[in-house]
A.B. asks: 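The structure under discussion is supplied below as structure tokens; questions concerning it will follow.
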Amino acid sequence: MRKSEVLAAESVACLNKALCHLKDIWEEIGIPEDQRLQRTNVVKNHIKGLLDMMITEEESLRTRLLSSIEACRKQLDTLCLELQLPPFEEERGVTMLQQEKEIRTQVEVLVKERTQRMQQLKALTERDQDLCDTLCSNPYVLDPNAVPSLEQLNSFHQHIASQTTEKERRHAEFVGIKRQIVLCMDDLDQLPETSFEKDIVCEDQEAFCLSKDNIASLKLLLGQLEERKAENQAVCEAHREKIQELWDRLQVPQEERELFSEHMVASKKKNLDALEAEGRRLMELKRLNMRNVTEAIRSEIAVLWEKCFFSSDQQQAFVPYFSNDFTEQLLGLHEAEILRLKQHYEEHKELFEGVQRWEESWRLFLELEKKATDPSRFTNRGGNLLKEEKQKAELHKSLPKLEKKLKAQIDVWEQEQAREFLVNGQKFLQFVEEQWELHRIEKENEKLERQLKKSKQIEVDMLYGTAVRTPTKRRFLGTTTPSKARKVPSVRTPGRSKPPLAGLQERNKENMGQVTGLGVPLQSGGLKTLASPQRNFSINSVASTYSEFATGLINTVIESVQSSETSPRPLTPRASQTY
């Protein structure tokens, strides 16, 4: 049994007890029956009125609860619709009070959610409006009076973040461009003229509209300023080159140049004005020093002739170079010529440098070849001999490669220019081939000269017996009598006034004349000896030891000749390398 039912039973018992107590009192007092009835009726009406009032109040509460439940249900449905949430499902089997409380609590939660979303929407809208004002872009499309969904708010947040990033990027770009514009205007000594330029330079950076059009206009303005700055720099650089050239030609003192050094670096308006003034001053000095300037240009022309490998005929073709009538016209011709030569050299600089590199390598190769035949090289104590041999071997390999590369470049050059590439009036590759051929002939001549020298030494040794002997041979030869040894110089051949040595020298001079020609070999017959009585006497005087002496001497000569022939022979360009 419920406690409320127990309380109700107790209330009924209490009422009965009270009525019984009243009845006892009335009997004790002696109240008549009609008055008792009247008094009992008053009690009944009083109790009935009190209960009716209570019942009315409770029924009113029930009505209010039902009304609240209905109102909350409607509000809850509206909120779910606005917030784009699924309908609220009520819990079954609950009392009216629980139902009302649950629905009312859910309404309060959704109202709070609705308020928060609207506040977020308002803040995002205000932020978006600020970004739109700065970037000059369109606002984010979203109804400000409708409750946004969570997806809409998330998209709005992402849009704001993207716009914020774009603003930062444009602002950084604007700051960088503005800095460059200010520097360019400073270099050009230019003040802001238009309202747009004033907005850029003078206004607050945060107040500048970062629209795409404004950024494009910024870039356009910067491009124009940089173009003008580049033009100024080019003009200044041209003035500097001209001034430097005139300084060199006019031999302006270094102290005077240093005073002008500031303007030889910067390219501002004041520097340009100073350069123009200096150029005018130097041109006036040039006019007054026509001869010196012309001769200075001629020196430069001579250097360029050498760099471009001009032949004497090509040099003679520039007739004004040899004129002594130093006029403005003559100077102009020289200036035009040096400009042409400089342009010609710059256009074919790689080819000219390659030819010069070959000449330097060839010159070094010949020097190393010459050192290789120098007997004093064996006195080296610092390891230079090995280094020179290694360097010579590297040059021996690199020279043909360089010639091959130059050949390809020259072929391209001749096709483009429709003329032959000449070095000092001669085809370069033909000149290279001749150098190799002359080198080969020179090596052969040196070899023949060494052989001739050794042959002469053999003749002298055979004639006078001056070959080095072992101690045993010296003791054996010492058995000849002193009287015979003294008779050898006194023998004379009838009809000859010169000693055999002089005649032999004359004959050797003839052989030398035959060898010193370009690659002309010795006449057939090899070495020739004079069959004079003196020679016979000399040989007969050592006849007892000649076989041993000749055998050792000939072996020595053969070994010497073989060693000279084993030296490396330089490469000679093949016939396929000619042009």
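As a basis for the values below, the full set of heavy atoms in this structure was taken, side chains included, without hydrogen atoms, waters or symmetry mates.
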A.B. asks: Where is the tightest heavy-atom contact between Pro144 and Met118, given as atom of each residue plus distance?
C.D. replies: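 Nearest pair, atom of Pro144 first, then Met118: O-CE, 3.4 Å.
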A.B. asks: Could you give the distance from CG (Asp130) to CD (Gln163), rounded to the nearest 0.5 Å?
C.D. replies: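 Between Asp130 CG and Gln163 CD, I get 12.0 Å after rounding to 0.5 Å.
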A.B. asks: Tell me, yes or no, whether the heavy-atom count around Met54 atom CE, taken from other residues, nucleotides or ligands under 6.0 Å, exceeds 12.
C.D. replies: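 For Met54, atom CE is not crowded (no more than 12 foreign heavy atoms under 6.0 Å).
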A.B. asks: Evaluate the side-chain hydrogen bond (donor to acceptor under 3.5 Å, both in side chains) criterion for residues Glu347 and Gln343: first the C-alpha distance (whole Å), next the side-chain angles of each, then the deciding distance (0.1 Å), finally the verdict.
C.D. replies: CA-CA 6 Å; Glu347 290 176 353; Gln343 183 178 3; 3.2 Å; yes
A.B. asks: Judged by atom type as modelled, is there a donor-acceptor pair below 3.5 Å linking the side chain of Ser261 to the main-chain atoms of Arg257?
C.D. replies: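 Such a contact is absent between Ser261 side chain and Arg257 backbone.
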A.B. asks: I would like to know whether Lys219 and Glu173 meet salt bridge (Lys or Arg N to Asp or Glu O under 4.0 Å); could you show each step before the answer?
C.D. replies: CA-CA 10 Å; Lys219 294 180 179 179; Glu173 187 177 10; 2.9 Å; yes
A.B. asks: Other residues, nucleotides and ligands only: do more than 12 of their heavy atoms fall within 6.0 Å of CD on Glu284?
C.D. replies: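 Check passes, neighbour count above 12.
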A.B. asks: Work out which heavy atom in Cys72 is nearest to a heavy atom in Val107; give both atom names and the distance.
C.D. replies: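 That would be O-CG2, 3.5 Å.
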A.B. asks: Indicate the ring-plane relationship of Tyr140 and His159, choosing parallel, tilted or perpendicular according to the 30° and 60° boundaries.
C.D. replies: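 Because their plane-to-plane angle lies in the 30° to 60° range, the rings of Tyr140 and His159 count as tilted.
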A.B. asks: Kindly say whether Glu151 contributes a backbone atom to a donor-acceptor pair with the side chain of Asn154 at under 3.5 angstrom?
C.D. replies: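 Not confirmed, Asn154 side chain does not pair with Glu151 backbone.
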A.B. asks: Checking side-chain polar atoms at under 3.5 Å, does Glu278 have a donor or acceptor matched by the opposite partner on Trp247?
C.D. replies: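 Yes, side-chain donor-acceptor contact under 3.5 Å.
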A.B. asks: Between the side chains of Glu166 and Arg169, is the shortest nitrogen-to-carboxylate-oxygen separation below 4.0 Å, so that they form an ion pair?
C.D. replies: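 Yes, charged N to carboxylate O under 4.0 Å.
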A.B. asks: Is a donor on one side and an acceptor on the other found under 3.5 Å between the side chain of Arg36 and the backbone of Ile31?
C.D. replies: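 Answer holds: yes.
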A.B. asks: Is there a salt bridge (Lys or Arg N to Asp or Glu O under 4.0 Å) between Glu113 and Arg117 once you walk through the steps?
C.D. replies: CA-CA 6 Å; Glu113 175 71 16; Arg117 291 191 187 184; 2.9 Å; yes
A.B. asks: For the pair Phe309 and Phe352, name the ring-plane relationship: parallel under 30°, tilted 30 to 60°, perpendicular over 60°.
C.D. replies: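 Geometry flag for Phe352 against Phe309: tilted rings.
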A.B. asks: Quick one: does Glu367's side chain get under 4.5 Å of Trp362's, heavy atoms only?
C.D. replies: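 Sidechains of Trp362 and Glu367: no contact.
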A.B. asks: Could you verify whether a donor N or O on one side chain and an acceptor N or O on the other, from Arg62 and Ser67, lie under 3.5 Å apart?
C.D. replies: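 Judged by distance alone, the side chains do not pair up.
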A.B. asks: Looking only at atom types and distance, does a side-chain atom of Ser217 sit under 3.5 Å from a main-chain N or O of Asp213, one as donor and one as acceptor?
C.D. replies: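 It does hold such a pair.
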A.B. asks: Between Glu237 and Gln233, is there a side-chain donor-acceptor contact under 3.5 Å, judged purely by atom types and distance?
C.D. replies: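 Side chains of Gln233 and Glu237: no pair found under 3.5 Å.
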A.B. asks: Considering only heavy atoms from C-beta outward, does the side chain of Thr125 approach that of Leu121 to under 4.5 Å?
C.D. replies: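 When only atoms from C-beta onward are counted, Leu121 and Thr125 do touch, with a gap below 4.5 Å.
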A.B. asks: Test Leu275 against every option in Arg280, Lys270, Met264, Lys242 by the side chain to side chain contact (heavy atoms under 4.5 Å, CB included) rule and name the one that passes.
C.D. replies: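 In the set Arg280, Lys270, Met264, Lys242, the residue that makes a side chain to side chain contact (heavy atoms under 4.5 Å, CB included) with Leu275 is Met264.
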A.B. asks: One pair to check against side-chain hydrogen bond (donor to acceptor under 3.5 Å, both in side chains): Ser267 and Arg240. What are the steps and the verdict?
C.D. replies: CA-CA 10 Å; Ser267 300; Arg240 292 189 189 104; 3.1 Å; yes
A.B. asks: Using distance alone, with no hydrogens and no angle criterion, decide if Arg64 and Ser60 have a side-chain donor and acceptor under 3.5 Å apart.
C.D. replies: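 Arg64 vs Ser60: donor-acceptor pair found between side chains.
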A.B. asks: Specify the closest pair of heavy atoms between Leu250 and Leu282, including all atoms of both residues, with the distance to one decimal.
C.D. replies: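 That would be CD1-O, 3.6 Å.
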A.B. asks: Going by atom types only, do Gln129 and Asp133 share a side-chain donor-acceptor pair under 3.5 Å?
C.D. replies: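 The criterion, which ignores hydrogens and geometry beyond distance, is satisfied for Asp133 and Gln129.
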A.B. asks: Is there a donor-acceptor pair closer than 3.5 Å between any side-chain N or O of Asn16 and the backbone N or O of Val12?
C.D. replies: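 Answer holds: yes.
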A.B. asks: Can you tell me how far the SG atom of Cys308 sits from the CD1 atom of Ile301, to the nearest 0.5 Å?
C.D. replies: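 Rounded to the nearest 0.5 Å, the SG-CD1 separation comes out at 11.5 Å.
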A.B. asks: Closer than 3.5 angstrom, by distance alone: can the side chain of Asn45 be matched with the main-chain N or O of Asn41 as a donor-acceptor pair?
C.D. replies: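 Judged by distance alone, yes, a pair lies under 3.5 Å.
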A.B. asks: Is a side-chain N or O of Arg114 found less than 3.5 angstrom from the main chain of Leu83, in a donor-acceptor match?
C.D. replies: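 Answer holds: no.
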A.B. asks: Please report the interatomic distance CD(Glu276) to SG(Cys236), rounded to the nearest 0.5 Å.
C.D. replies: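 Those atoms lie 8.0 Å apart.
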A.B. asks: In plain terms, say whether Lys286 and Glu335 are close enough for a salt bridge, that is, a side-chain N and a carboxylate O under 4.0 Å apart.
C.D. replies: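 Salt bridge flag = yes for Glu335 with Lys286.
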